[in-house]
**Student:** 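Here it is, the structure, as structure tokens.
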There are 2 protein chains.
Amino acid sequence: MYTLYFQHFNSKVRLTEEEQELIKSYLTLKKLRKKQYLLQEGDVCKVIAFVEKGALRAYSVDENSNEHIIQFGLEGWTISDLYSFLTGEPATYNIDALEDSELVLISKSAHEELLQTMPKYETFTRLNITGAYLAMQRRLTSIISASVEERYQDFINLYPHIVQRVPQHMIASYMGLTPETLSRIRKRISSK
Amino acid sequence: MYTLYFQHFNSKVRLTEEEQELIKSYLTLKKLRKKQYLLQEGDVCKVIAFVEKGALRAYSVDENSNEHIIQFGLEGWTISDLYSFLTGEPATYNIDALEDSELVLISKSAHEELLQTMPKYETFTRLNITGAYLAMQRRLTSIISASVEERYQDFINLYPHIVQRVPQHMIASYMGLTPETLSRIRKRISSK
DNA sequence: AAAGCACATTGATTCAAATCAATGCTTTTG
DNA sequence: CAAAAGCATTGATTTGAATCAATGTGCTTT
């Protein structure tokens, strides 16, 4: 419990035992069965979730009820509807579990209190959001400038573990493609 | 000089006069003529730039020498190749001025020192990157899930001032479209 | 003022991905 | 275990954006 969370924390900002215990007192654990929701569109997002074990996805649903995957969250990743969390507006994303999962949750009040009282937590938060920003920028750049085939190659190089664990049609959705198109791209690639 | 910068800073984290002077001692000013580069691909990005006046763009160039605009930076925005700035790797983006511009620059060493010595600067940085993350997530979501026409509508609603000041083919580039396509989309929209 | 560019528009054609549809395979689940 | 559901693949067709090409217009720039 909390192992991976503090492993990540310490790799970015070194904590003493006492600091670790203090932070732990602000966190809660949650298990999610496959297909269970962590968040549904329209609800306010109350937590930021760190994935200790398992896999989740955040996705939006458009007017034609097509799902568009915004983000995957595997072990070591953080997942949330940050906009809703920060503003208190209703969430525009759904988040659910692709596998049975274990999460470390932090509530808004806990998050704010830690930010204000513990400089190391603010540093951790800053580094986390910076990493997320850079990852998203890479994704955006590749969408705008690369061919679909290159983008898939980039994806499997960057996230080989996701390719293993997540159904292909969800990767298609993450890439903004139909499952048929992704299947044909894989065929093209493998015939080389 | 620095007016807009500190206006922004104070709107996020309130500073005393003395703190303001202290920070000012870490900043430098730079003027850029239209078409001048702030950063060229391959160089290491040495600064984060805050736009006091004018307009810039960050863009990448692909193997067919097509330009892809990653970001615009108008008054009040921050622009940089953050990945290069943080890692010291060569930049993958170019940044240049679309108009004569005035920038407030912070170097890496200044940035790091302020982060370590001044909690308010870290908070400011965290809030800035969080805002940038949310803006980019909105853009990404719209690319993945909305039609090109909706995306353009969203863009002009969100950034009407950019539409005024930036040539249309650059907006097309920012949206990942050809200028011809954007022209036709505008025609379709206006004929309603 | 004239020449040369940069830019937006429009038309014709090509091309890549979406859509529609069907099949076989695997995994759930009743 | 059998039925059903979920998933990947393949084929045929449609659709929307890219490409190629030409024109007009307003700015620079010399």
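Each chain gets a letter, A, B and so on, in the order the sequences are listed, and its residues count up from 1. Just so it is clear, the model here is predicted, and its values are computed rather than measured.
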**Student:** Quick check: A/Y93 with A/Y59 (ring centres under 6.0 Å apart)?
**Tutor:**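 No; A/Y93 has its ring centre 6.0 Å or more from that of A/Y59.
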
**Student:** Give me the bend of the helix from C/dA1-D/dT30 to C/dG30-D/dC1, using the axes of the five pairs at each end, rounded to 10°.
**Tutor:**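 End axes: 50° apart.
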
**Student:** B/S11 side chain to B/H8 main-chain N or O, any donor-acceptor pair under 3.5 Å?
**Tutor:**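 Answer holds: yes.
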
**Student:** Whole angstroms only, please: what is the CG-P distance between B/D100 and D/dT28?
**Tutor:**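 Computing the B/D100:CG to D/dT28:P distance gives 12 Å.
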
**Student:** Whole-Å distance between D/dA17 P and B/Y152 OH?
**Tutor:**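 Taking atom P of D/dA17 as the reference, OH of B/Y152 is at 15 Å.
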
**Student:** Do the charged groups of A/K53 and A/E99 touch, with an N to O distance under 4.0 Å?
**Tutor:**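 No, no charged N to carboxylate O under 4.0 Å.
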
**Student:** Check this one for me: any side-chain N or O of A/Q168 less than 4.0 Å away from OP1 or OP2 of D/dG6?
**Tutor:**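 Checking D/dG6 against A/Q168, no side-chain N or O comes under 4.0 Å of OP1 or OP2.
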
**Student:** Evaluate the criterion side-chain contact (heavy atoms from CB on, under 4.5 Å) for residue pair A/E122 and B/E122; output intermediate values, then yes/no.
**Tutor:** CA-CA 8 Å; A/E122 172 153 46; B/E122 173 153 47; 3.9 Å; yes

**Student:** So A/L39 and A/N94, side-chain contact (heavy atoms from CB on, under 4.5 Å) or not? Walk me through it.
**Tutor:** CA-CA 5 Å; A/L39 172 70; A/N94 301 276; over 6 Å; no

**Student:** Is any side-chain nitrogen or oxygen of B/K187 closer than 4.0 Å to OP1 or OP2 of C/dT10?
**Tutor:**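 Checking C/dT10 against B/K187, a side-chain N or O does come within under 4.0 Å of OP1 or OP2.
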
**Student:** Could you give the NE2-to-P distance, from A/H169 to D/dA8, as a whole number of Å?
**Tutor:**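 Distance, rounded to whole Å: 6 Å.
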
**Student:** Can you check the A/R186 CZ to D/dA8 C1' distance for me, whole Å?
**Tutor:**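 Rounded to the whole Å, the gap is 9 Å.
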
**Student:** Could you run through nucleotides 13-30 of chain C and give me one letter per nucleotide, 5' to 3': B if any protein heavy atom sits under 4.0 Å from the base, S if only the sugar-phosphate is that close, - if neither?
**Tutor:** ----SSBBB---------

**Student:** Give a yes/no verdict on a cation-pi contact between A/R14 and A/F9, requiring under 6.0 Å between NZ or CZ and the six-membered ring centre and an angle within 45° of the axis.
**Tutor:**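 Pair A/R14/A/F9 does not count as cation-pi.
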
**Student:** What I want to check is whether the side chains of B/E150 and B/S147 have a donor and an acceptor closer together than 3.5 Å.
**Tutor:**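 Yes, B/S147 and B/E150 have a side-chain donor paired with an acceptor closer than 3.5 Å.
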
**Student:** Using a strict cut-off of less than 4.0 Å between a Lys/Arg side-chain nitrogen and an Asp/Glu carboxylate oxygen, indicate whether A/E67 and A/R57 qualify as a salt bridge.
**Tutor:**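 Salt bridge between A/E67 and A/R57, a charged N being under 4.0 Å from a carboxylate O: yes.
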
